[in-house]
Amino acid sequence: MQIEVKLFALARDLAGRKSLEFDLPPPVTVADLRRAIAYSTPALAPLLAHMVLAVDQQYATDQTQLSEGCEVACIPPVSGG
Amino acid sequence: MQIEVKLFALARDLAGRKSLEFDLPPPVTVADLRRAIAYSTPALAPLLAHMVLAVDQQYATDQTQLSEGCEVACIPPVSGG
Amino acid sequence: MILLTERPIDVPEVLAAVQSSQAGAVVLFLGTTREETAGRLTASLDYECYPRMAEQKLAELEDEARAKWSLTGCVIVHRTGHLELGEASVAVAVSSAHRKAAFAAGQWLIDTLKQVVPIWKRENWADGQSDWIHPGFPPDAEPAVAE
Amino acid sequence: MILLTERPIDVPEVLAAVQSSQAGAVVLFLGTTREETAGRLTASLDYECYPRMAEQKLAELEDEARAKWSLTGCVIVHRTGHLELGEASVAVAVSSAHRKAAFAAGQWLIDTLKQVVPIWKRENWADGQSDWIHPGFPPDAEPAVAE
């Protein structure tokens with residue numbers, strides 16, 4: 001399953017790119033994707049523990065199942081306002 | 001002692017004038033002045049029980065002593081804002 | 001800064017007076033003329049005040065708010081005279097480094113202003129009648145007018 | 001109404017969008033760029049957002065506020081891109097028949113926005129360094145930056 005993960009703010013700076021691409025065998029949960037991110041991009045590991053993943057613009061838990069074509073993003077701690 | 005009492009809003013409308021004048025023998029307290037107002041201007045009596053008197057721009061109690069030249073006003077319940 | 005004025009309240013000027021690069025938070029409250037009060041239609045309002053005491057009480061409110069909270073700016077403006085529907089009768093603006101202080105001070109200022117500052121509102125009803133609004137008087141009046 | 005914009009926030013327009021003769025109370029919150037954060041001087045700020053999710057979360061905030069309180073108007077505007085000192089990064093404006101609802105909704109909206117909307121601030125310090133602000137990360141960072 002093709003998954004693109006959007007990166008923002010410090011996560012993008014640490015990874016040196018705006019998104020990460022993965023091809024993982026289904027079924028894939030957010031927890032699976034977290035492990036793939038940590039493995040592929042060690043520079044993100046310290047921040048990853050502080051990030052929530054969003055699936056289709058909603059905050060997800062480790063148990064959330066990913067589906068083909070869903071939109072995934074890493075959300076570091078927010079500081080708007 | 002000459003005392004002028006300013007009237008506002010419904011108090012002024014009920015009395016039909018902007019102020020009341022009294023000449024009372026000192027010492028004069030706010031309670032004395034209230035009695036004089038009720039006696040001289042019966043139209044104000046129902047509202048008078050709901051009014052606070054202000055002496056020199058500060059809310060006064062019945063015990064407050066009036067002094068020569070002080071500024072006295074009847075303050076009906078306020079509705080600013 | 002406090003002001004009683006017969007002219008329309010200049011809201012951008014009120015905001016400019018409290019904004020500062022020291023303050024991260026600005027809270028503005030505007031009280032505006034409502035068309036309907038307890039089911040009755042208003043055509044316009046008149047506000048009267050006891051000018052010398054109203055100014056003194058407003059200045060005391062600013063002093064008390066600055067003593068209670070760490071404020072960068074504090075402006076209270078109350079309109080007097082004749083107001084049409086939708087016009088602002090009062091503006092309270094505060095700024096602070098922290099938004100909690102700004103919200104708390106803004107709310108305290110308008111709540112306390114409505115309790116202690118000698119200003120009175122007359123509702124000119126759409127049906128042609130006019131009434132001074134004195135909360136609690138007459139004792140059997142509708143209670144909704146002071147909000 | 002919600003808006004993400006790279007242009008300066010038009011505050012009079014925000015206020016006009018919530019004012020109404022049905023609403024007696026308007027509360028506006030402005031968050032502005034502070035010169036000093038925990039003793040360090042800021043030269044400017046950049047805000048980045050995840051546009052699609054930020055818009056969705058802002059719209060959810062408006063819906064939730066309208067469900068919790070009886071509001072006449074509700075506008076949330078967040079600036080993105082580059083901001084100079086003193087500029088407003090966020091404006092929240094609500095109107096209601098009653099001021100308690102307007103204050104409560106305004107405070108809840110800005111508090112919740114700061115917790116859930118995917119927007120990030122980068123401080124461009126006066127000393128030339130730049131830092132993304134991620135409250136709680138790194139774990140030993142100064143805690144004062146998120147206020």
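Each chain gets a letter, A, B and so on, in the order the sequences are listed, and its residues count up from 1.
Residues C:His82 and C:Ser44 have side chains in contact (heavy-atom distance under 4.5 Å, counting atoms from C-beta outward). Looking at heavy atoms from C-beta onward, D:His98 lies out of side-chain contact with D:Ser70 at the 4.5 angstrom threshold. For the pair D:Gln19 and C:Leu30, the minimum side-chain heavy-atom distance is below 4.5 Å. D:Phe29 has its side chain out of reach of D:Val94: every pair of non-hydrogen atoms, C-beta onward, lies at least 4.5 Å apart. Counting heavy atoms from C-beta on, the side chains of C:Arg40 and C:Glu123 never come closer than 4.5 Å. For the pair D:Leu4/D:Ile119, a side-chain contact is recorded, criterion being any heavy-atom separation below 4.5 Å from C-beta on. Between C:Pro51 and C:Thr80 the shortest side-chain heavy-atom distance does not fall below 4.5 Å.
Interface residues of residues 61-68 of chain D toward chain C, defined by a heavy-atom distance below 4.5 Å: none.
When each of D:Thr33, D:Leu85, D:Ile110, D:Asp111 is checked for heavy-atom pairs under 4.5 Å with chain C, D:Asp111 comes out on top. With chain C as the partner, the residue from D:Val26, D:Leu15, D:Thr42 showing the most heavy-atom pairs under 4.5 Å is D:Val26. When each of D:Ala102, D:Gly31, D:Gly24 is scored by its heavy-atom pairs under 4.5 Å with chain C, the top score falls to D:Gly24. Here C:Thr32 is the residue among C:Val90, C:Val92, C:Thr32 with the most heavy-atom pairs under 4.5 Å with chain D. Between chain D and the options C:Ala25, C:Gly86, C:Pro12, heavy-atom pairs under 4.5 Å are most frequent for C:Ala25. Taking chain C as the reference chain and counting heavy-atom pairs below 4.5 Å, the highest number among D:Ala93, D:Ala23, D:Ser95, D:Ser89 is found for D:Ala23. When each of D:Gln22, D:Gln107, D:Glu35 is scored by its heavy-atom pairs under 4.5 Å with chain C, the top score falls to D:Gln107.
D:Pro118 and D:Met53 make their closest contact through CG-CG, 3.6 Å (heavy atoms, listed as atom of the first residue, atom of the second, distance).
Taking C:Glu55 as the reference, nothing meets the salt bridge (charged side-chain N to carboxylate O under 4.0 Å, His left out) condition, with sequence neighbours excluded.
If you measure heavy-atom distances from C:Val27 to chain D, the contacts under 4.5 Å come from both the backbone and the side chain.
Applying the 6.0 Å contact sphere to CD of D:Glu36 captures more than 12 heavy atoms from other residues, nucleotides or ligands.
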